[in-house]
Amino acid sequence: MLVEVKDLVRTYKMGETEVQALCGVSLGVDRGEFIAIMGPSGSGKSTLMHLLGCLDRPTSGSYALDGTPVENLDDRELSRLRNRKVGFVFQTFNLIAQLTVLENVEVPLIYMGLENTKRQSLCKEMLAAVGLGHRGTHRPNELSGGENQRVAIARALVTSPDIILADEPTGNLDTKTGQEIMEILQDLNERGTTIVLVTHEVSKAKWARRIVHMQDGRIRRELTGAQIVQLVDLFQEMPAA
């Protein structure tokens, strides 16, 4: 199993008040899965994603990524594991405006200590894979939103991570471009990459093979197969607001 989470708790202090964002979450993700984590605002889905991506530490509970226990790693070890094992795709792209497209994709490889020629070759290969081989010398402000998200996906893939964590990756995109991004993620999954998608949209969650629904910091239910089809059908039957 690639991801093993058991009894995960994350508590934040807000002044004198403690807020429990996660309340004993347990979850397993097999290598090659495509799962969607859904839930309303404040449900804990983004907190869980940050913990899965080694961007934060749990208050209690255990998390093993590809067999490595994460909760007791120091900052340097955590950064090394994150760099080798995890690729991130965010709603806001998180590209560096001053860098070219090629240089943005190159950033994770610099942290890995890869030599320049190899870095350049891998970055060009990844940009070509997302249809932007001709855009390497441009900067983010010269690209459309969909193109910027493709750059972010190329950056996430360039280290050959075991898992892609995508947090609302189509949230800033129009419907057509969002569809294209979801098709890229589906293609990556079919090639063997594990995908964890955080979304509040049923229309995006339907691409997953399993939906994990969260509420109040807990996993309330999991849907697979025909259950996902039923959820999508119900969503489509609902009258527009």
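- Summarising the geometry of Pro40 relative to Ser43, their closest heavy-atom pair is O-OG, 2.9 Å, with the distance given to 0.1 Å.
- Here CE of Met38 is found 12.5 Å from CE of Met214. Values are rounded to the nearest 0.5 Å.
- Within the 4.5 Å cutoff, side-chain heavy atoms of Glu168 are placed close to those of His200.
- Residues Leu127 and Gly136 approach most closely at CD1-CA, 4.1 Å, considering heavy atoms.
- No side-chain heavy atom of Ile195 sits under 4.5 Å from any side-chain heavy atom of Ile35.
- With values rounded to the nearest 0.5 angstrom, Arg210 atom CZ is found 7.0 Å from Asp30 atom CG.
- In this structure, Leu165 CG and Leu52 CG are separated by 6.0 Å, a value rounded to the nearest 0.5 Å.
- Counting heavy atoms from C-beta outward, Arg10 and Arg57 have side chains that stay 4.5 Å or more apart.
- Atom CD in Gln186 sits 13.5 Å away from atom CD1 in Ile181 (nearest 0.5 Å).
- With respect to Pro169, the side-chain contact (heavy atoms from CB on, under 4.5 Å) criterion is satisfied by exactly one of Leu197, Thr199, Ile153, Ile184: Leu197.
- Going from atom CZ of Phe88 over to atom CG of Asn94 covers 10.5 Å, rounded to the nearest 0.5 Å.
- Comment: Asp167 does not engage Lys45 in a salt bridge, judged by the lack of any side-chain N to carboxylate O separation of less than 4.0 angstrom.
- Cluster annotation: Val158 is connected to Leu143 through the hydrophobic network of ILVMFWY side chains, with a link wherever side-chain heavy atoms come within less than 4.5 Å.
- Here Glu180 pairs with Arg150 in a salt bridge; the nearest charged N to carboxylate O distance falls below 4.0 Å.
- Judged by distance alone, the side chain of Asp162 and the main-chain N or O of Lys85 form no donor-acceptor pair under 3.5 Å.
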(request) Walk me through it: do Ile164 and Leu157 pass the test side-chain contact (heavy atoms from CB on, under 4.5 Å)? (result) CA-CA 8 Å; Ile164 295 287; Leu157 289 173; 4.0 Å; yes
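- Considering CG of Leu22 and CG of Asp216, their distance stands at 11.5 Å, rounded to 0.5 Å.
- Using a 4.5 Å cut-off on side-chain heavy atoms (C-beta onward), Gln227 and Ile211 make no contact.
- The existence of a salt bridge linking Arg82 and Asp75 is excluded, since no basic side-chain nitrogen approaches an acidic carboxylate oxygen closer than 4.0 Å.
- Asp7 places none of its side-chain heavy atoms less than 4.5 Å from the side chain of Ser62.
- Scanning all heavy atoms of the two residues, the minimum distance from Pro161 to Val86 falls at CB-C, 3.7 Å.
- The cluster map of Ile, Leu, Val, Met, Phe, Trp and Tyr, joined by side-chain heavy atoms under 4.5 Å apart, puts Val9 and Leu65 in different clusters.
- Judged by distance alone, with hydrogens and angles left aside, the side-chain atoms of Glu77 form a donor-acceptor pair with the main-chain N or O of Asp74 at under 3.5 Å.
- For the 3.5 Å distance criterion, the side chains of Arg119 and Asn116 qualify, holding a donor opposite an acceptor.
- Ile163 is not connected to Leu185 by any chain of hydrophobic side-chain contacts under 4.5 Å among Ile, Leu, Val, Met, Phe, Trp and Tyr, and they are in different clusters.
- Here the side chains of Thr59 and Tyr12 are not in contact, with every heavy-atom distance at 4.5 Å or above.
- Shortest non-hydrogen contact noted between Glu147 and Leu132 is O-CD1, 3.3 Å.
- Side chain of Ser79 to main chain of Arg76: no donor-acceptor pair is present (N/O by atom type, distance under 3.5 Å, no hydrogens or angles).
- Connection of Leu51 to Ile37 is established within a shared hydrophobic cluster, with ILVMFWY side chains joined at heavy-atom distances below 4.5 Å, either directly or through further cluster members.
- Checked by atom type and distance alone, the side chain of Asn148 pairs as donor or acceptor with a backbone atom of Pro140 at under 3.5 Å.
- Listed for the Gln149 side chain is no donor-acceptor partner under 3.5 Å among the backbone atoms of Gly146.
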(request) Decide side-chain contact (heavy atoms from CB on, under 4.5 Å) for Phe90 and Met49; before the verdict, give the C-alpha distance in whole Å, the side-chain angles of both, and the deciding distance to 0.1 Å. (result) CA-CA 11 Å; Phe90 297 101; Met49 194 211 73; 3.9 Å; yes
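- For the pair Trp207/Gln179, a side-chain contact is recorded, criterion being any heavy-atom separation below 4.5 Å from C-beta on.
- Listed here is the closest heavy atom pair of Leu102 and Cys123: CD1-CB, 3.3 Å.
- With hydrogens and angles ignored, the 3.5 Å screen pairs no side-chain donor or acceptor of Arg31 with any backbone N or O of Thr194.
- By the rule that hydrophobic residues join a cluster once side-chain heavy atoms approach within less than 4.5 Å of another member, Leu2 and Leu81 end up as members of one cluster.
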(request) Apply the test side-chain contact (heavy atoms from CB on, under 4.5 Å) to residues Leu27 and Glu222: give CA-CA distance (whole Å), side-chain angles for both, the deciding distance (0.1 Å), then the verdict. (result) CA-CA 10 Å; Leu27 177 69; Glu222 296 189 27; 4.1 Å; yes
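- When every heavy atom of Val89 is checked against every heavy atom of Ala156, the shortest pair comes out as CG2-CB, 3.9 Å.
- Within the 4.5 Å cutoff, the side chain of Thr170 has heavy atoms near those of the Glu201 side chain.
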